[in-house]
Colleague: 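Shown below is the structure under consideration.
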Amino acid sequence: MPVQVPDLTPAVPQIYVLIMTCVTLLVSLFASKKHSAWTYILSQLTLLGAIVLTLLYFHHKSQVTFHGNMIVDHVSMLLTIFICAITFFVLLYSRDYIKQHKMPNTEYHVLVLFSTLGMMILVSSYSFVSIYVGLELFTLPLYALIALRRDSAVYSEAAMKYFVMGAIASGMLLYGLSMIYGATGSVQIAEVVKVISALPSSQHLIILFGLVFVIAGVAFKLGAVPFHMWVPDVYDGSPNTVTLMIATGPKIAAFGLVIRLLAETMPDVQLAWSHALMLIAVLSIGLGNIVAIVQSNIKRMLAYSSIAQMGYMLLGVIAGTANGYAAAMFYVLIYSLMSLAAFGLVAMLSRDGIDIQHIEDLRGLNERNPWLAFMMLIVMFSMAGIPPLAGFMAKIGVLEAVIAVGHVWLAAVALLFAIVGAYYYIRVVKVMYFDDPLQSTRIDLPTGDMRVALTVNGLSVLALGIFPGILMSLCQAAF
Amino acid sequence: MDNLIHNITLVIVFAPLVGALSTGLFCRKISKGLTFAITIGLMTLAFGLSVYLAKLVIFDGYTSNEIVYTWVKSGTFQFNVGFLVDKLTVLMLLTVNFVSLMVHVYSIGYMEGDKGIVRFFSYISGFTFAMLMLVTANNFFQLFFGWEGVGLVSYLLIGFWFNRPTANFGSLKAFVVNRVGDFGFILAIAAILNYFGTIDYAQVFALAPQMAANNVTMSIIGGTHSSVISVIGILLLIGAMGKSAQVPLHVWLPESMEGPTPISALIHAATMVTAGIFMICRMSPIIEYSQVTLSLILVIGATGALFTGLVGIVQHDIKRVVAYSTLSQLGYMMAALGASAYAAGMFHLMTHAAFKALLFLAAGSVIIAMHHEQDMRNMGGLRKYMPITYITFLIGALSLAAIPPFAGFFSKDAIIEAVKTATIAGSDYAYICVLIGSFVTATYIFRAFFLTFHGKERMSDKLKQQLHETKFVVTGPLMALAIPAIFLGMLIIKPILYPNGFSLLGKSIFVLPQHNVLASMGEEFHGVLAMVNHSVQTLPFWFAVSGIFVTWLCYNRFPELPAKIVKRFGIFYNILVMKYGFDDFNQIVIVRGGHRVAQWLYQVTDSEFIDDTFVNGSGRVVNAVSIAMRQLQSGYLYHYAFAMIVGLVAFLVWLIF
């Protein structure tokens, strides 16, 4: 049988990132200490290049390659662009932190790049095997990143927890996929869909059995209840910039996982998985919002907030309509922008080896640096879903999607908890604006480019709230 | 060509916004000179381009209706930003930009030495932007944006001197009263969205005849059936009543005179208050199908035209006289719309913009010269100190009093004639009102004229020595505005009212054949000269002339006469001074009553019931739940793994069985 070389052009961004990551690794190995800035520059070039390469390909509608293992469509391209852009900001935000906290520079950058590559592969996978490869490639570097400073017991503990839990979740996912493979005889999504739709519904049992395990694995990656336990501990126990990394890009990748494994693979059993997701969403929204209220640690608070936010995102998926998926996609993209700004600020304000830990540490930020306080205010209001910020538009979108399919009660519950949730977001604003600062010295971000980046980041949340049209229509065009 | 019009409109609309933002955001760092250069430069650009646009649209006959940006799509509803550029739009663009440019220039002189001058310029440019958004809108959503935008800036500008309690009171009053109107307006938009399924002008207007023919009804209070078109029309009218200060929502306009005079000229005479008139014209394809709405518009307009004018006669503050005059003239415009003579309303809107802005700026010029004294009892004999102001004020007054051949004559005469010709319910009452109104108009404005510029010099000697004509930046705009106040009427009466081939409004206004009063008036129209000659045989002319004569008798010939009249007819005088009790009614019943209800609600339901039981109660519950649930997060790995397994098993059981 002649070996067919697959069409490599759709995979150019991934191939480029892989090569550049290796180049970065090699250059950093041989570069002397004083040229360590090269690692940073090369990494950023890698990400920018990936964005440009993806954009060049953006006019293509949808293409399957690598013998049905990879798909490049608007979903994957849009997600890839956001993942790379957000990782770009993550590296920018963490540059100073790494230096201050003496984290190994080369390893940090290369691990982040490998994880990004994993996410890129994941969102454009079209078979169970490539999905699993992508998933592992994006999570394994994260475990290592958390424990990058081996001497710290806190970091090691967080890494250990994340690793063990992640292993269990991966096992569940793999087990579920193998069930579906057993029932359908294929690992390629295009094939699986055909076989499932041909199956009479009496034979759906084994599919459902596999489905539950898949849902568990997916929910773990999203950090949704009851597979959420790792989220607060890992967010809290990781170095601030690693938390920043975990809380942003991987959420987008997990959304890609949901779309590929549930929406695209199993439209025929949509009723079953949307019921399961409904429960997961309600539990996540409820538990996330309620428990966040009593948190005094800002990273834990944001961790619970992320649990709740993922619940809201799932509402769009539950609707099971093209509009619903588009709304969920819009939600997750907006969420990653907001969480980028929030964790970014926390990471960048951690100076001289001291981490910002508690909400109280932000006391009187408005007096110490009004602009930063204003950016944080935008982000907090947006997370709470207050117009005219992007978070409001995102919430409207998912609520509209579930109402359109008749789940008014779901929208009502979600809204009720959004009110509960508003409390802890607005408390941050209250602390920043109305409480007296502990020190009155001015506080600022380390460098000018970080100030610019955070400003761009914060204002984009405002701008996307006032002009959501462009991104919204891109999301709608993807489905 | 479409593209060109589109791009020009974009520049016209957004140039003032750029000016407003660049000066507003950097108001502490930017110099005065630069502020003037930026804002006036951009306004000149906007005005110049609107002249060019007028050439394209009015003379070359192009129109354009395009969407610039889709803001939100929600189900089948779509919210766009888009421009509808037709003849009506262009007329408004010309009016707004011309007056705005004049006011920008004038403000250099009027606001000289004020600390907030940069902020002031930023506001007026921002106002112009909102107004332009309003007139160029091609859908109700953008109309509403502009509508609220002008309302907001109006609030900011009335309260510009925010350390004066009266200014704050006035701005608050304007804002609150306008809310009442906006409430109607937003309900109208909601009704349109609900029944028409779209808020795009073109689509709504295309559906309106069908809606009227099928007599679609809605039930407001259980069991009743009201025509949807009429309900929408009345709600739109309520919106227009708020913004265009119609009785009984007119109470905010006199109070708005607390703002700087250029603002009174720009916002509270020439542009913003005419937004309601413009809106009704724009909505003519809906309004025309509702007899009830038309009658209501006619009666409300005519009532305002007469009764607010009467109040103007007893005012002492020169700006208040002009303010009441604005109320009265808005009433005239409204009455014209009610008579389906939309073109006459628009015509009066344009001439009024010119002569009323002129009168306000001339009054402002007097106020500058008098060192911010506004009480006419302390003026008099200013003629010889301020000749330019004197002559321009006289031109404005003659135009306002509808003396031929000044601009106001043509437009007001057309309105009175249209109301006379109209046959819908209430037109007889309206005719009497607008006819007597022409006497009243002449009376109040010439009373102000004689009191200010003629008679004894009643100011202090110290002030008298400092009196002199104001600077060129002040008198320049006066002279520039005097030109349209004289000539605008005779120039455009034929193309705007009785088009025969070349038309200023064209198809942008819709009139049902059975309502078309202007068509029958057009048969009697034989050119400008004939109209002027004919006017000496008409009632309105003699009413106006006798008004001037009476005031001349009272305030120039026999200055002791007014006091005697007041004594003799004390009761009428008091009614007028009390402004028919609208303010007192609002203050006592609505404000104080509202205060009392609010107090009760606050103490009983809010503090005790809602706050204590519900808010704090639910807070306590949530907090307790939160603390309890926090315990789940034990930190032990095996607890977490256990939770996952339990979850998994639960889902298995649930989904499979």
Side-chain angles (χ1 to χ4, degrees), chain A residues 157 160-161 164-165 168-169 172 176 204-205 208-209 211-213 215-217 219-220 225-233 237 269 272-273 275-276 279-280 283 286-287 289-295 300 304 323 393 396-397 400 403-404 417 419-420 423-424 466-470 472-473 476, chain B residues 17 21 25 28 67-82 141-142 145 148-149 610 614-657:
Chain A
E157 184 194 333
M160 200 62 189
K161 274 184 186 162
V164 173
M165 305 288 289
I168 297 175
M172 288 179 178
H204 274 170
L205 188 64
L208 289 181
F209 190 75
L211 177 66
V212 173
F213 284 88
I215 288 175
F220 177 84
V225 181
F227 309 98
H228 67 286
M229 301 293 237
W230 62 277
V231 179
D233 287 12
V269 286
W273 59 255
H275 271 135
L279 187 64
I280 291 178
L283 286 176
L287 183 129
N289 277 326
I290 287 183
V291 182
I293 283 181
V294 286
Q295 304 301 326
R300 283 190 97 83
Y304 281 105
N323 262 338
M393 285 296 164
I396 285 270
E400 191 195 330
I403 290 173
F417 281 109
I419 299 169
V420 174
Y423 170 78
Y424 59 86
I466 301 172
F467 306 110
I470 299 164
M472 191 84 96
S473 52
Q476 271 162 350
Chain B
L17 179 67
L21 287 183
L25 289 179
R28 289 192 196 146
I67 292 170
V68 183
Y69 174 75
T70 299
W71 186 58
V72 173
K73 249 191 230 166
S74 172
T76 54
F77 299 148
Q78 208 172 345
F79 296 89
N80 297 322
V81 177
F141 162 70
Q142 188 180 337
F145 171 82
E148 293 299 304
I610 297 177
F614 283 96
V615 177
N616 293 341
S618 57
R620 278 191 292 269
V621 171
V622 168
N623 218 13
V625 172
S626 183
I627 289 169
M629 281 166 85
R630 191 186 192 176
Q631 308 302 321
L632 291 176
Q633 199 74 27
S634 59
Y636 292 118
L637 200 50
Y638 56 90
H639 284 172
Y640 297 179
F642 181 69
M644 280 173 77
I645 305 291
V646 169
L648 185 79
V649 172
F651 277 115
L652 267 181
V653 172
W654 183 41
L655 278 192
I656 291 175
F657 301 104

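Chain letters run A, B, ... following the sequence lines, proteins first, then strands; residues in each count from 1.
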Colleague: Can you label the angle between the A/Phe467 ring and the B/Tyr69 ring as parallel, tilted or perpendicular, going by 30° and 60°?
Modeller: perpendicular
Colleague: Under 4.5 Å from any heavy atom of chain B, what part of A/Leu279 do you find: side chain, backbone, both or neither?
Modeller: side chain
Colleague: Looking at A/Val212 and B/Leu648, what are the two nearest heavy atoms and their distance?
Modeller: CG1-O, 3.8 Å
Colleague: Pick one of side chain, backbone, both or neither for A/Ala169, based on which atoms fall under 4.5 Å of a heavy atom in chain B.
Modeller: both
Colleague: With chain A as the partner, which of B/Gly647, B/Ala643, B/Ala628 has the greatest number of non-hydrogen pairs under 4.5 Å?
Modeller: B/Ala643
Colleague: Checking side-chain contact (heavy atoms from CB on, under 4.5 Å) between B/Met644 and each of A/His228, A/Met229, A/Met165, which is the one that passes?
Modeller: A/Met165
Colleague: Atom CG in A/Leu211, atom CZ in B/Phe651: separation rounded to 0.5 Å?
Modeller: 10.5 Å
Colleague: Distance check, rounded to the nearest 0.5 Å: A/Phe209 atom CZ versus B/Leu655 atom CG?
Modeller: 11.5 Å
Colleague: Check each atom of A/Phe220 against the heavy atoms of chain B and say whether the ones under 4.5 Å are side chain, backbone, both or neither.
Modeller: side chain
Colleague: What closest approach, in Å, do B/Gln633 and A/Tyr304 show between heavy atoms, and which atom pair accounts for it?
Modeller: OE1-OH, 3.2 Å
Colleague: Return yes if some donor-acceptor pair links the side-chain N/O of B/Trp71 with the main-chain N/O of A/Ile466 below 3.5 Å, else return no.
Modeller: yes
Colleague: At what distance, to the nearest 0.5 angstrom, does CG of B/Leu637 lie from CD1 of A/Ile168?
Modeller: 6.5 Å
Colleague: Which region of A/Val291, side chain (C-beta onward) or backbone (N, CA, C, O), has a non-hydrogen atom less than 4.5 Å from a non-hydrogen atom of chain B, or is it both or neither?
Modeller: both
Colleague: At a 4.5 Å cut-off on heavy atoms, which part of A/Ile396 comes close to chain B: side chain, backbone, both, or neither?
Modeller: neither
Colleague: Using a cut-off of under 4.5 Å for heavy-atom pairs, which of B/Ala650, B/Ser618, B/Gly635 has the most such pairs with chain A?
Modeller: B/Gly635
